[in-house]
S.K.: 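One structure is given below, represented as structure tokens, and several questions about it will come after.
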Amino acid sequence: MRRKVEITINGKNYGLMVEPHWTLLDVIRDEVGLLGTKKGCDTGDCGACMVIMDGKAVNSCLILAVEADGKEVLTIEGLGKEGRLHPLQQAFIDHGAIQCGYCTPGMIMAAKEFLDENLHPTEQEVKEAIAGNICRCTGYVKIIEAILAAAKNEESRSY
Amino acid sequence: MDDFRVIGKSFSRVDALDKALGKTVYGYDLSLPGMLHAKVLRSKLPHAEIININTKEAEKIDGVEAIITASDLPDEKIGLFVKDRGVFARDKVRFIGEAIAAVAATTPEIAEKALAAIEVKYEELPGVFDPREAMLEGAPRVHTEYFDVIAQGPREVKNNICATRQIKRGNIEKGFQEADLIVENVYPTPMVEHCHVEPNAALAIVDSSGKVTVWSNTQLPFFIRENLAHAFQMPLSKIRVIVTPIGGGFGGKSGVFMCEPYCVALALKTGKPVKMVTTRKEEFIASTVRHAMRIETKTGVKKDGTLIAKQVRITQDCGAYCDVGDFVLLYACLFSSGPYRIPNVDIEGVLVYTNKQIGGAMRAFGTPQVAFAHESDMDIIAEKLGMDPVDLRRRNLIEEGDYTVTGQRVDWSGPRKTLDAVVDKADGKSVSEKSYDEKKKRGRGIACGQYASGALNMVDYASATLKMNEDGSVNVSVSNAELGQGVITILSQIVAEELGLSLEDVFISNYDTETTPIDTIGANASRSTFVCGETARIAAEKARAQLITQAAQFFEANKDDIELKDRLACVKGSPDKCIPIADLCRISLIVHGEPIVSSGFYKTQRVVPMDPETGQGKPVDHYVYGTSLVEVEVDEETGNIKVISVVSAHDVGKAINPKLVEAQFQGGIVMGLGYALSEEILTMKGETLNPNLHDYKVPTPLDIPSITSVILEGHGSEGPFGAKGVGEPPIIPIAAAVANAIYDAVKVRIKSLPITPEKVLMALKSKNQKGGIQ
Amino acid sequence: MILPQFEYLVPTTINEACNLLVKYKGSQVLAGGTDLLVDMKGGTIAPSCVIDVKKIEGLDRIEYDEVNGLRLGSLVTIRMIETSAIIREKYPPLYQAARVFASPQIRNRATIGGNICNAIPSADMPSPLIAMGASVKIMGPNSERKVGVEEFFTGIRKNVLAVGEILTGIEIPPLPKRAEGIYIKHTLRRAMDLAIVGVAVLLERENGGDRCKDIRIALTSVAPTPIRARKAEAILRGQEVSEETIFNASEEAGKEINPRRSSMRASPEYRREMVKVLVRRAVLGTWKAV
């Protein structure tokens with residue numbers, strides 16, 4: 001039986017009728033229509049579905065939509081402000097950290113939560129922060145470079 | 001110095017912004033109003049006769065709109081060069097995961113529920129899972145015949161042998177007689193999965209005229225079109241395959257048609273749009289994998305280290321259907337003796353059907369497997385002869401003027417150049433430095449590899465069309481799929497360079513079998529930059545000639561004096577005589593009524609197909625070479641292996657975009673490390689034990705070493721500005737270099753992949769028990 | 001990979017949750033969901049009813065005092081453990097186990113209670129808890145009991161919880177003054193991996209001497225449940241600690257295990273070897289540090 005949930009996604013409040021067995025990932029994609037959050041494995045092993053919920057990066061494939069009732073969710077579409085890219089997005093572009101791009105949204109969301117709490121990360125800390133995100137194209141090298149570069153960008157702190 | 005303005009520069013990818021914003025719409029993301037969702041019922045048994053399929057209960061489920069099985073389709077076989085499988089299993093199933101029925105329903109959930117309600121009655125047959133057992137008399141027969149596309153006729157399958165391949169040169173017996181040392185080894189390699197993060201996906205519609213349009217995240221759309229036409233007995237012109245942006249491929253979206261035929265069949269039946277996506281489990285059990293091989297080598301060498309004879313026997317586990325298995329076998333055989341000058345060679349390969357998932361295309365078709373063997377051999381030989389592994393390679397690497405195993409003349413000393421580059425780069429880095437724990441030993445290993453840019457043993461061709469717009473921008477149609485490698489950016493750079501434009505002036509049309517020109521094998525075989533790039537360049541060169549004609553006319557100057565750069569056409573040496581290319585386009589169109597349009601066609605020039613008996617011929621249009629050096633740290637008590645660093649050099653001709661080239665190196669190296677150390681599809685009686693990304697272990701960010709890439713330019717190809725393909729080669733030497741580094745560190749030789757801590761530890765224990773080097 | 005349908009209930013008190021568990025046979029408790037949803041998607045379980053306990057107040061607290069030690073609500077996430085200064089300082093093995101648990105994002109959701117209740121042999125939380133003498137608090141509709149973590153597990157995916165019972169908290173006593181602990185996890189990958197073997201040790205040194213006053217060695221992924229290496233402990237307990245006694249103890253630990261034959265991750269022989277090596281390293285490491 002469907003139940004009503006209210007989820008704030010990227011600052012906008014959505015009242016949604018959802019089945020209990022729908023995942024937050026499926027609701028973000030199929031009900032809300034935000035396709036930037038990706039499905040790669042559906043079992044929490046690839047990280048493509050990562051979003052930030054109440055300040056924490058999470059695998060949205062392992063959360064029921066009903067569990068997100070009353071929560072604030074940030075997806076890749078909600079990053080950046082006033083038409084400008086988030087420094088992570090810009091760094092990913094500039095450093096060639098994107099190839100097929102399918103892991104990119106999840107990777108950026110994981111990195112964002114991490115940078116929000118770590119102003120001066122080491123390379124090892126960056127690797128640990130994105131250890132739950134599989135990228136099969138890049139070998140991670142340029143992704144790590146991009147996150148370290150974004151960390152140095154003062155603008156990262158104003159998000 | 002080169003005077004290039006666009007190529008050779010590390011521009012950011014043209015598709016990066018959309019991808020960073022999450023705006024790119026991949027195949028997985030597509031939808032249409034009223035669309036149905038398809039799911040496929042897959043065999044639970046590895047080998048069985050299908051007695052009956054009962055779909056009655058499933059049909060009753062509310063929301064189920066159609067269920068189809070083999071009996072709904074023409075009795076036609078599909079496949080690439082070998083047609084041996086149906087869209088659905090007909091009469092019998094040959095592996096766990098084979099499609100039996102497909103359901104279209106209003107939601108994926110209902111479709112799944114319907115699958116559970118379909119009853120299949122099987123009569124189980126004995127299965128065969130080991131290729132060597134499959135070849136024995138009396139073994140269960142997976143196939144009895146197939147349709148050979150090249151020969152255009154049926155072919156009988158004996159002893160489950162799908163295909164064979166041989167290469168013979170010199171006199172192998174004489175070679176071994178002259179050898180001072182003969183070394184024999186056996187190297188088994190496992191099945192591995194591509195693990196592109198985006199699963200396979202397709203969406204099909206049928207219009208009232210019966211015309212089918214399929215959106216798919218495929219690397220191989222023209223083959224999909226041909227196979228759909230064949231399966232549904234429709235003309236090619238009535239099937240349109242549109243390629244979506246692709247979330248990774250590596251060959252995993254090149255073969256077995258995971259979604260397209262089911263979407264089409266169900267769309268034809270229901271008249272509604274039908275979408276299908278695969279689950280991660282289906283990717284493991286029902287899509288293609290890298291072939292498992294067993295490689296037996298026998299190498300004869302003189303005391304001074306000169307290789308004199310090499311015999312190789314490859315047994316390649318085909319799985320239940322051929323897909324591109326025969327093509328993979330060709331690559332494996334051709335490259336199995338390594339980039340070495342060996343006068344006497346005897347190579348035989350056999351591709352054997354088993355009741356397992358289908359082997360197919362995967363980054364560097366069969367070559368990482370054989371490179372693991374030939375490069376492990378080299379270090380084993382070096383030790384037996386008391387030689388340095390680098391010196392042994394230098395003595396034998398093929399040089400300009402030498403002949404390959406197929407009698408093809410080598411046109412430059414690429415292997416040695418890459419070896420030298422790696423050794424130069426790595427020197428000065430000490431490996432003897434004590435790590436903090438004396439139980440951890442460091443070691444270095446080197447390995448060389450060779451590959452082909454452009455499809456092997458066949459004419460590889462592509463075509464392009466180009467039109468210039470009134471504002472000086474240009475639309476180019478080339479059939480190549482963007483799967484992350486950056487081909488759209490590369491093609492844009494090539495065209496912009498040729499036309500004196502900026503990168504953003506060029507727009508590459510989406511790959512669409514109806515509107516983009518004909519092509520061979522899509523985004524495969526390290527051919528995109530080389531073959532498709534040259535095709536685009538030729539089209540641009542023709543447009544350039546038209547622009548120059550217009551400019552010469554405009555300035556009343558000699559055509560030879562016109563140059564195109566920075567969006568301007570100028571008379572050389574007269575800075576005031578410049579006209580924007582946009583104006584030229586307008587004048588050309590409006591004043592002269594002569595639109596600037598062109599087409600390009602390129603086919604590889606050098607290939608002379610191999611003789612089926614001796615393998616002699618010129619199967620490779622452009623050889624590409626590479627060398628990797630790996631440093632590891634091995635924990636002698638646990639067998640744990642930590643890769644400290646990798647240095648790789650690859651021969652790329654000309655790097656159109658160095659940053660994208662480097663990205664191919666890094667991605668290939670890390671995929672190679674997974675192959676070397678952790679990845680393996682485990683099966684028992686045809687059932688996959690680890691069909692998920694948790695138990696199947698691709699490297700994580702914490703598993704990667706420091707990586708140094710040496711982009712070796714200088715020996716140009718006939719491709720665009722001398723560029724060669726580099727998508728696949730970086731993976732090739734890695735597993736062997738890791739194995740050699742582990743040997744250097746702890747003196748145990750692991751001859752099977754992946755090299756797990758357990759294998760290393762058990763080998764160490766057995767070495768210590770024997771009290772000597774094995 | 002579609003979740004089967006179920007009824008979703010959200011109790012706000014422990015008692016309500018217990019009553020729901022009694023009322024709805026075949027229901028499952030949902031905490032972090034990082035195991036439950038994977039199992040449900042894979043079809044290994046299909047509960048008719050999912051009881052989400054996250055709205056119950058007070059189960060996500062970390063409390064510490066020097067007399068009673070550490071009390072963790074069952075909904076404390078692995079990330080909370082990882083980032084708790086007091087746990088890092090006072091209970092290092094628990095901190096170390098949290099650090100190597102799956103990925104940071106899984107750690108944001110996964111709870112200590114869930115990790116214990118699932119009773120998977122490779123779970124990271126139980127061994128350090130056993131080594132540190134922890135117990136769990138279990139509440140039922142009309143009952144409350146305390147069980148040692150060591151006694152909690154009865155088999156693979158099996159525990160002592162009766163129908164209607166919920167694990168509500170974990171208690172770890174204050175560690176002895178001259179004690180040191182460690183958790184070593186042996187995996188193939190450096191993240192997102194289950195333990196081939198995990199070893200937790202808590203070692204207490206005799207005041208002013210070279211003897212080991214007390215020791216607990218708990219092992220992950222080597223038997224159907226987490227186990228103590230009691231014979232190995234006995235070799236060290238009350239004895240002078242030397243390389244030889246440590247070696248003997250670790251060899252003994254290797255004999256005490258009962259690993260699965262059919263595991264994909266490692267053979268029993270390799271697991272045995274790893275127990276020996278890692279117990280030796282863990283004991284040596286704690287002995288040197290204490």
Side-chain angles (χ1 to χ4, degrees), chain A residues 19 21-22 26 29-30 33-48 75-77 79-80 85-86 88-108 124 126-144, chain B residues 10 12-13 15-26 28-29 31 109 194-199 245-250 277 279-280 283 482-486 657 659-660 662-671 673-674 692-694 696 698-704 706-707 709 730:
Chain A
E19 290 281 353
H21 65 284
W22 289 357
D26 286 342
R29 288 177 57 85
D30 301 338
L34 294 171
L35 296 172
T37 306
K38 300 301 182 192
K39 189 186 281 189
C41 71
D42 218 13
T43 52
D45 296 318
C46 78
T75 72
I76 187 75
E77 290 92 344
L79 272 194
L85 296 177
H86 185 280
L88 272 166
Q89 292 172 310
Q90 192 62 53
F92 269 59
I93 295 170
D94 296 343
H95 287 261
I98 299 171
Q99 287 193 31
C100 85
Y102 202 77
C103 76
T104 305
M107 197 71 84
I108 287 178
Q124 179 65 18
V126 168
K127 287 181 178 178
E128 286 175 12
I130 56 166
N133 298 78
I134 297 287
C135 170
R136 196 61 157 166
C137 296
T138 64
Y140 306 106
V141 181
K142 293 182 190 302
I143 291 173
I144 294 161
Chain B
S10 289
S12 290
R13 308 168 58 98
D15 54 356
L17 179 62
D18 272 357
K19 287 177 174 176
L21 290 166
K23 280 187 178 170
T24 303
V25 179
Y26 295 84
Y28 200 95
D29 301 325
S31 66
E109 222 180 306
H194 311 80
C195 298
H196 35 74
V197 185
E198 183 201 26
I246 302 173
F250 317 108
V277 299
T279 63
R280 185 55 55 184
E283 290 291 333
E482 176 57 69
L483 52 102
Q485 81 282 46
N657 183 321
K659 188 159 67 178
L660 287 179
E662 195 179 54
Q664 288 300 320
F665 279 36
Q666 293 163 346
I669 287 167
V670 172
M671 194 180 271
L673 292 174
N692 59 65
L693 289 171
H694 205 99
Y696 181 92
V698 304
T700 75
L702 283 168
D703 298 302
I704 66 162
S706 110
I707 294 174
S709 305

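Naming convention: chains lettered A, B, ... in sequence-line order (proteins, then strands); numbering from 1 in each chain. This structure is a prediction, so every number in the text was calculated from the model and none was measured.
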S.K.: So for B:Leu17, is it side chain, backbone, both, or neither that comes closer than 4.5 Å to the heavy atoms of chain A?
M.R.: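 Looking at B:Leu17, backbone and side chain both touch chain A.
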S.K.: Quick one: of A:Thr43, A:Asp94, A:Leu34, A:Ile108, who has the most non-hydrogen atom pairs under 4.5 Å with chain B?
M.R.: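 Winner by heavy-atom pair count: A:Asp94.
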S.K.: Which distance, rounded to the nearest 0.5 Å, do you find between the CG of B:Asp29 and the NZ of A:Lys39?
M.R.: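 Answer rounded to 0.5 Å: 11.5 Å.
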S.K.: Heavy atoms, side chains only, cut-off 4.5 Å: are A:Ile93 and B:Arg13 in contact?
M.R.: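 They are not in side-chain contact.
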S.K.: How far does NZ of A:Lys38 sit from CD of B:Glu198, to the nearest 0.5 angstrom?
M.R.: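 Reported to 0.5 Å precision, the distance equals 7.5 Å.
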S.K.: Work out which heavy atom in A:Ile76 is nearest to a heavy atom in B:Ala20; give both atom names and the distance.
M.R.: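 In this case the closest contact between A:Ile76 and B:Ala20 is CD1-O, 3.4 Å.
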S.K.: Are the side chain of A:Arg136 and the backbone N or O of B:His194 linked by a donor-acceptor pair below 3.5 Å?
M.R.: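 Yes; judged by distance alone, with no hydrogens or angles, the pair exists.
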S.K.: What is the minimum heavy-atom distance between B:Val197 and A:Ala48, and which atoms define it?
M.R.: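 B:Val197 and A:Ala48 have their closest heavy atoms at CG1-CB, 4.0 Å.
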S.K.: When rounded to the nearest 0.5 angstrom, what distance separates NE2 in A:His95 from NZ in B:Lys659?
M.R.: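 One finds 8.0 Å between NE2 of A:His95 and NZ of B:Lys659.
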S.K.: Can you tell which of B:Val698, B:Thr24, B:Ile669, B:Asp703 has the highest number of heavy-atom pairs within less than 4.5 Å of chain A?
M.R.: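 Highest number of pairs under 4.5 Å: B:Val698.
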S.K.: Most heavy-atom pairs under 4.5 angstrom with chain B, which of A:Leu35, A:Thr104, A:Leu88, A:Thr75?
M.R.: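 Among A:Leu35, A:Thr104, A:Leu88, A:Thr75, the one with the most close pairs to chain B is A:Leu35.
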S.K.: What are the two closest non-hydrogen atoms of B:Gly247 and A:Cys100, and how far apart are they?
M.R.: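 Residues B:Gly247 and A:Cys100, closest heavy atoms: C-SG, 3.3 Å.
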S.K.: Chain A heavy atoms under 4.5 Å from B:Phe665: which part of the residue, side chain, backbone, both or neither?
M.R.: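 Neither part; nothing is under 4.5 Å.
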S.K.: So do A:Tyr102 and B:Pro199 actually touch side chain to side chain, heavy atoms under 4.5 Å?
M.R.: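 Heavy-atom side-chain distance check passes, below 4.5 Å.
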S.K.: Using side-chain contact (heavy atoms from CB on, under 4.5 Å), reason through A:Leu85 and B:Leu21 one step at a time and then give a plain yes or no.
M.R.: CA-CA 8 Å; A:Leu85 296 177; B:Leu21 290 166; 3.4 Å; yes
S.K.: Hey, which of A:Cys137, A:Ala97, A:Gly44 has the most heavy atom pairs under 4.5 Å with chain B?
M.R.: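 Ranked by contacts with chain B, first place is A:Cys137.
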S.K.: Using non-hydrogen atoms only, which part of B:Pro699 is less than 4.5 Å away from chain A: side chain, backbone, both, or neither?
M.R.: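 B:Pro699 touches chain A through backbone and side-chain heavy atoms alike.
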S.K.: Could you please spell out the steps behind the side-chain contact (heavy atoms from CB on, under 4.5 Å) verdict for B:Glu109 and A:Glu19?
M.R.: CA-CA 12 Å; B:Glu109 222 180 306; A:Glu19 290 281 353; 5.8 Å; no
S.K.: Could you point out which residue of B:Gln666, B:Glu482, B:Gln664 forms a side-chain contact (heavy atoms from CB on, under 4.5 Å) with A:Gln99?
M.R.: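 Single side-chain contact (heavy atoms from CB on, under 4.5 Å) partner of A:Gln99 among B:Gln666, B:Glu482, B:Gln664: B:Gln664.
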S.K.: Show, in sequence, the C-alpha distance, side-chain angles and deciding distance for A:Val141 and B:Ile704, and conclude whether the side-chain contact (heavy atoms from CB on, under 4.5 Å) test is met.
M.R.: CA-CA 8 Å; A:Val141 181; B:Ile704 66 162; 4.3 Å; yes
